[in-house]
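Okay, structure first, notes after.
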Protein chains: 4
Amino acid sequence: MKRKIKMGMVGGGKDAFIGNVHRMAARLDGCIDLVCGAFSSNPKKSKASGKALFLPENRVYTSYYEMFQQEAELPEEERMDFVSIVTPNHLHFEPAKLALESGFHVMCDKPVTFNIEEAKELKKIINKKKLLFALTHNYTGYPMVKEAKAMVKLGRLGTIRRCIVEYPQGWLATRLEVTGQKQADWRTDPNKSGKAGAMGDIGTHAENLLEYITGLQITHVCADLNTFVKGRQLDDDGAILLKLQNGAKATLLATQIAAGEENNLRIRVYGEKGGLDWSHENPNTLLYRTLNKPLQMLRTGVGKQAQTTQAAIRIPAGHPEGFLEAFANIYKNFAVTLSQQLEGKRLKPLNLDFPTIDDGIRGMQFIDRVVESAASNKKWTKF
Amino acid sequence: MKRKIKMGMVGGGKDAFIGNVHRMAARLDGCIDLVCGAFSSNPKKSKASGKALFLPENRVYTSYYEMFQQEAELPEEERMDFVSIVTPNHLHFEPAKLALESGFHVMCDKPVTFNIEEAKELKKIINKKKLLFALTHNYTGYPMVKEAKAMVKLGRLGTIRRCIVEYPQGWLATRLEVTGQKQADWRTDPNKSGKAGAMGDIGTHAENLLEYITGLQITHVCADLNTFVKGRQLDDDGAILLKLQNGAKATLLATQIAAGEENNLRIRVYGEKGGLDWSHENPNTLLYRTLNKPLQMLRTGVGKQAQTTQAAIRIPAGHPEGFLEAFANIYKNFAVTLSQQLEGKRLKPLNLDFPTIDDGIRGMQFIDRVVESAASNKKWTKF
Amino acid sequence: MKRKIKMGMVGGGKDAFIGNVHRMAARLDGCIDLVCGAFSSNPKKSKASGKALFLPENRVYTSYYEMFQQEAELPEEERMDFVSIVTPNHLHFEPAKLALESGFHVMCDKPVTFNIEEAKELKKIINKKKLLFALTHNYTGYPMVKEAKAMVKLGRLGTIRRCIVEYPQGWLATRLEVTGQKQADWRTDPNKSGKAGAMGDIGTHAENLLEYITGLQITHVCADLNTFVKGRQLDDDGAILLKLQNGAKATLLATQIAAGEENNLRIRVYGEKGGLDWSHENPNTLLYRTLNKPLQMLRTGVGKQAQTTQAAIRIPAGHPEGFLEAFANIYKNFAVTLSQQLEGKRLKPLNLDFPTIDDGIRGMQFIDRVVESAASNKKWTKF
Amino acid sequence: MKRKIKMGMVGGGKDAFIGNVHRMAARLDGCIDLVCGAFSSNPKKSKASGKALFLPENRVYTSYYEMFQQEAELPEEERMDFVSIVTPNHLHFEPAKLALESGFHVMCDKPVTFNIEEAKELKKIINKKKLLFALTHNYTGYPMVKEAKAMVKLGRLGTIRRCIVEYPQGWLATRLEVTGQKQADWRTDPNKSGKAGAMGDIGTHAENLLEYITGLQITHVCADLNTFVKGRQLDDDGAILLKLQNGAKATLLATQIAAGEENNLRIRVYGEKGGLDWSHENPNTLLYRTLNKPLQMLRTGVGKQAQTTQAAIRIPAGHPEGFLEAFANIYKNFAVTLSQQLEGKRLKPLNLDFPTIDDGIRGMQFIDRVVESAASNKKWTKF
């Protein structure tokens, strides 16, 4: 990279949890600078957030359209290269669309939009403008997740047969949304979150991880969605039977009412010759089972690992890397790719993947099909 | 107990895995004596097995009907009190029926019979003859499983919402049944195993454990059964969505093609106030999650535990108890109960439960409904 | 085996914890019958214990000398073959000596005697009488401990360099001995336990396990013994630096005041080429580390294992075996060996090892040297 | 903070592992900017490193004395506030001394100097100049380590009795230093590392962690140091018995030849009322044992925790934080403290601790006493 990549941000004001996560992830590798932001629709809040982030006053905007307009007028060596959109779901589409139309690359929180039509429209603009668009399905940034994907691709498991992916959380086991908790408020509100609650928020992470590791697309779903907490409007729990390409089968569980659970994403993939088991609570370990041989604990950075895995590791084996490092891998891979594009290089295989608008569209389809299936008496709904 | 309980055995010849498990379980507490057996339909094998077990020649029979007839003629202080039936599924009903009709109490391996009609007929005879009948759903014998049941009953979790029960094995990941392996042979044969393969063998254990711990009955199933190994006649994998009484939901997975898995039964139960997590690979630990408090690792024998739990523990905390001890709890509880009945005592609450013909009938219904659901396009099949 | 082996017992009356452990261990495999006992020095207690064990009245004795005398007069097909001695430490020597002199083989709880002189005297008698003597260092009965020993012997670790063995318990963190708790009472009493407290009780287990797995003898110790609970007379905690044959080094920790610990024996052995890690809390797993390769989790019964390991396994992989099964392996191996001797067979390699008087003598030397070292200002005390 | 803190760096050229760790740690929270550096004694390397870090050419220096001199002449709003020294041990003292004398605050890698005299001299200068000096004993930056310290302070364990701290690594199990591996080269060289090898590198981390959590100082050591790999000049393994203030006892193990181990630092602390267990391989979990109650798994961010702990957490519970986040806590706490000092505020309790020159001096004393003890026939060496 010849220079740092310059980032703007939409949303992520001082109290927002995810805005700070994006900023820490963007900072970690020293190749991205936050140069401007429209951190809140409340101008005072936006200004205060910008100040706390040590940004110059004139780069802190009161709205994203103001930001895109004014940044576009700055000379190239000053203006932002891409914008990171970290608002709630219903506020992804408009800024993303405008950013793209203003010529800015985009990093966007997930799920990509409020509904699938918006996602498809974004894809059209992206293709037309030839801009980069990344989606923060951050779990794919973990080294051992990349190793799992590489192992499946290399045929270590043989043909995949049975997958189990689950994402239990417990933070919505009570009606937290009536207490003023901001996260709970918008995530349980159909006007902000979209058609689905738990399935949209964490179910899409599980779906994305499943397709990422196995390389197989979901073809059918049989879904059961539940709202266990009285008065809540969206699902807070759901279980799904899935058919994958090639005849493999899977179950997917996403629940936010599993009392006492933290953030316990786990995926198991079994093929003819072996099985893999990755758990977010212990993300530097990947269990590898084979027929009639001892279970192996693959560990971040130990032994020979795929190039994609190695590229996602920052420190020697035995030094735990966590959530922020995985998140930072999305940013780093995006920044390096963007850098190559900005330098006019022909993009070559980089071992630096990141989720794109296509992952976003799959996620929105997933939500649609799951909600449809949950309302149906028919067993299987085609994806 | 005034005297030891005397046991006969049908099946369980020298090479049978499960016969020896039953015998070790029966021996452990010193309150049951194996006094006779018809260990094989092959008279030579039966005799050899009896000899290896140090039984007198005249108590080793060539058939179970011979055994029941001759034992019935012995004086009470000599003849067997109950018979343990450890043959493959299709050979449970006839000996069980004849034993009961001959006045013998029965311990029977699971699933109870080849089909549900047989199970219901056994129940009629049991009721008529007022004899004891136990079924070796052995996982309910673990102390921490009993503690889980007791905690649910005490309301520690509040109303149950979401359950996850799974039983992955990997031993049938290849077509083992064509290699002469005896277990694989009969368990994959519909003429010996019944309508279901994995679901009958281990799915019923999962179903029984779920109902045992939660105290809730399954009301609906939505099943997907698979046969992944080519040429195999019965399911070797299946996933089910379930509705329970009270509106709780569950998923149940039973698979024998999860390459590299041993015998990894696990159940998680989440209610309004907390969650429990028990895993067969670490059976002396029960994880107890609550809202906003640290996770607790409950351990066999540590701290205050239910009387039913205490009655299932043999040694002080920190001395791992395993599969045989849990199995032995079924035998011990059966023997103590039988002893009370034989001594003419009115049966009082003993903290000594064991699975009965009712569990057997639930299991056969489960198999029927699951197979029916798997063949149906309808989402939910009533139990 | 042509017939069952007949066992008598000294000690182990109804309330004793360890007596029942021995009996369950002896029963498990069906090759040993308890035929007589002197369960308590209190005749009433002994009688009551015998009755609870369903023994005929004439085989329940009021003293061990009465038992040895009367049993010796019974015809061979009736009289006990060996006696199991399960009394506190200070009451091992006299009955063991008399049993041997009366021609009975002996199974004895550990540590073998009250002091080393007694242990050496027993060895002389054993040698003279050509009788079998086994010591219940039961942790060596675990399959994965046997696998560890076999792997070291096969050179999988190369030359051993560093060992860590530790046995933390917490049950004596308070002054339990003044509450009437029987176990605490005699184990903290120098007149019953011997020179050492924690070191004698569990330190000898750690020492035995270390020498068993590595095949290396301790040559020097540098010990620090502590009595943390006020008023207690013996050590309740100690840490030791050790030199082993061949230049390897080890640390040994034995403590009974590690608040909250159950029975957490663990051993790690590192050689030039790899390392092994076995923990009693998870006894069916043996972690195997090598240079630059993924850690392997060896599991009871999975994959190819040593013959000695296989001989110690009763049930298929994935069915947890625990403390009683390991204990029972000492009894089974002793019984099979004894059977061969009784049948006049020349003893051939059996893959059926058990601890002997030599282990007992090593243990008593260990206690002596550790106590001597703890009192010394010199760094190293020769073993 | 009113502005970002400006950092310079000595050492940490492109290939150095630890330099990049320091930079990532410094970046994470967005309150520190790297503004200059003397990254290598080789001017070309220094320049290339500076360029890769996007620094302006005129802020990349060819030596640290040049850097201190020129930076000192820059206006306050431009010049660095502190320097981070990330060279090998023998190159800490000179730049640290000169930086302090030039008026710059210092962050220094550990162990603080080559010998204790240097460390004491630094302390004098620090006191005279009233500058901040931080030492990267980074393990004290983990939230659960801070929670452990807070719990001990609150008396949750009662009086401390027994501690066990161990740091096994396996990377020096072979003679890596002759292969050209840079880390192995200087760390095994007494002219660069100092008197001790493994004890200096990782033993001091263990020592620091022990004193940090318990709040107790080591008073005596009884050390056994070993060099297992032939031809190596410094210890690659060592075990120590320790006495702490108040009569507590500890063992400390530091080894770099534990084949297959990664970076497995672990500490256990047992007091009268409970025990704590923290392991670097699972750093977001702190096991808390108490008398006769279930073990609790305390987890980063779950439930009520100390203010010092909370201040060290960046993301909600269940999102693993790792090595870099802990390291970044040293930088963040240093930067916030420095910011207060720069703004002329009176320093108030900040819940933002970091290791200082006093920790550095303790570490050098530890090395001295351990090496002295290892050479002595006397059991205890006073600290």
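Each chain gets a letter, A, B and so on, in the order the sequences are listed, and its residues count up from 1.
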Hey, does the side chain of K379(A) reach the backbone of S376(B) with a donor-acceptor pair shorter than 3.5 angstrom?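 Yes, K379(A) side chain to S376(B) backbone: donor-acceptor pair under 3.5 Å.
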If only atom types and distance count, is the side chain of R289(B) paired as donor or acceptor with the main-chain N or O of A258(A) below 3.5 Å? no
Interface moiety of [X] toward chain A, non-hydrogen atoms closer than 4.5 Å:
| X | answer |
| --- | --- |
| S373(B) | both |
| I164(B) | side chain |
| E262(B) | neither |
| T251(B) | side chain |

May I ask you to name which of [options] has the most heavy-atom pairs under 4.5 Å with chain A?
| options | answer |
| --- | --- |
| W171(B), Y270(B), Y288(B) | Y270(B) |
| T255(B), T174(B), I257(B) | I257(B) |
| E272(B), E166(B), K243(B) | E166(B) |

Before accepting this row, confirm whether a basic side-chain N of the pair E261(A)/R268(B) lies closer than 4.0 Å to the acidic partner's carboxylate O.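 No, this pair does not count.
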Check whether L287(A) gets within reach of chain B through its side chain, its backbone, both or neither, counting any heavy atom under 4.5 Å. neither
Have K249(B) and N226(A) got a donor and an acceptor in their side chains that come within less than 3.5 Å? yes
Kindly give the heavy-atom pair with the smallest separation between A239(A) and L241(B), and that separation in Å.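 Scanning both residues completely, I find the closest heavy atoms to be CB-CD2, 3.8 Å.
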